[in-house]
Amino acid sequence: MHPQPNVSLRDYSTMHLGGRAAFMVEVHGRTDLTQALDWATQQHLPVIMIGGGSNIVWRDEGFNGLLVVNKMLRYEVVDEDGTNVYITAGAGEPWDSVVARSVNAGLTGIEALSLIPGSAGATPVQNVGAYGQEISNVLVSVEAYDSAARSFLNIPASDCAFGYRTSRFKTTDRGRFFITALTLHLTRGNPAPPFYAGVQQYFEQHTTTTYTPQALRDAVIDIRSHKLPDPAKVANNGSFFANPVIDGGTFAQIKAAYDEVPHWAVDENNVKLSAAWLMEKAGFKDYHDQQTGMATWPTQPLVFVNEHAQSTADLLTFKQKVIDAVRTKFGLTLEQEPELLP
Ligand code: NAP
């Protein structure tokens, strides 16, 4: 266990901004993790654990503590029968490799979450979802180290307080648990329609009529790679805002002014709007901000791109500009999706 001193946090966020960490260590297993945590306790240093850094914005002030990078790899079928397959994935496993392997085995449940950057362990934190699938729909339990009790535990999905792009890991228990593995319940067979409009159109254009997990994965990969920037090539954090979920009364007011507003019912009282649409209407389609060096991706304004920003302060200035413009036009406040750390 050899923590590396004075590490640039820009290398640990796909937005490539932020200050420095006092120390960084990679952990490959549970023993590595407990040794790292014991060391941090002896040094009186706080700890932050991350996976791939795809959903993290580091503050310019940096982190005077120990950054633990989770590299715990594992993909194991832990139980199965004729219909159901339970897999356990290490938190440091690249998420898309978990998806690829499950799809290869003919399993449905996470194939619409193809090509989402980052590690498996990060997916429950914000209840990652795309194209109609959400990690909370298939998650059985999370294995984590509880820094309050100083022991490992299994947290069943029903205790994760999942909501739309949220969980207890980013709200009430932020920073408390270090996720080490996930167990997922997948099923043999095919995903069932209806699919998101973009996926349905793709199937129609490609005259696909047998909806296998592989067909859905291929469609999502093709759609995403045409529409979204590759974080290995273009500095970004994916969607920068969650889609706002609003009550029926607020929705009625917006609909009266903008009849064409795209919307989806969440339940009998609440409606989800498209943050991307709100941003476009507020003037941020393919927007390049000279002052901050930030931009919005031409085919998906929800993705902020760091073109030549110097600091996280630039990013936060741009973020505020977008929030203010959307609030002025629609009276809604967009919520940041990537986590601002520390
Ligand atoms: P889109 O199909 O134009 O969807 C726009 C938004 O409308 C999405 O954010 C989606 O919300 C919502 N939506 C569309 N069809 C829906 C339906 N049938 N039921 C409920 N909500 C629906 O295309 P898009 O903006 O490219 O998004 C497609 C998917 O990719 C979405 O799930 C989105 O979350 C995901 N995405 C992820 C990132 C990222 O980098 N992480 C970036 C862009 C889009 P939801 O977000 O709730 O799905």
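Order of listing sets the numbers, starting from 1, for every ligand and every atom in it.
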Identify all side-chain donor-acceptor contacts of residues 255-263 below 3.5 Å with residues at least two apart in sequence or on another chain.
from, atom 1, to, atom 2, distance (Å)
K255, NZ, D259, O, 2.7
K255, NZ, D259, OD1, 3.1
H263, ND1, V261, O, 2.8

Show me the side-chain donor-acceptor pairs of residues 202-210 shorter than 3.5 Å, one per line, residues at least two apart or across chains.
from, atom 1, to, atom 2, distance (Å)
Y202, OH, D222, OD2, 2.7
E204, OE2, Q200, NE2, 3.4
H206, ND1, Y202, O, 2.9

For residues 16-25, which side-chain donor-acceptor pairs fall under 3.5 Å, sequence neighbours excluded?
from, atom 1, to, atom 2, distance (Å)
H16, ND1, R10, O, 2.9
H16, ND1, S13, O, 3.4
R20, NE, N6, OD1, 2.7
R20, NH2, N6, O, 3.1

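If you take NZ on K170 and CD on E337, they are separated by 6.5 Å, rounding to the nearest 0.5 Å. Distance check: T123 OG1 to L139 CG gives 7.0 Å after rounding to the nearest 0.5 Å.
At a 4.0 Å heavy-atom cut-off, the residues surrounding ligand 1 are G129, A130, Y131, Y164, R165, Y196, R224, K227, L228, G238, S239, N243, W264, K272, Q300, listed by chain and number.
Side-chain heavy atoms closer than 4.5 Å link hydrophobic residues (I, L, V, M, F, W, Y) into clusters, and following such links, even through other members, never connects V47 to L9.
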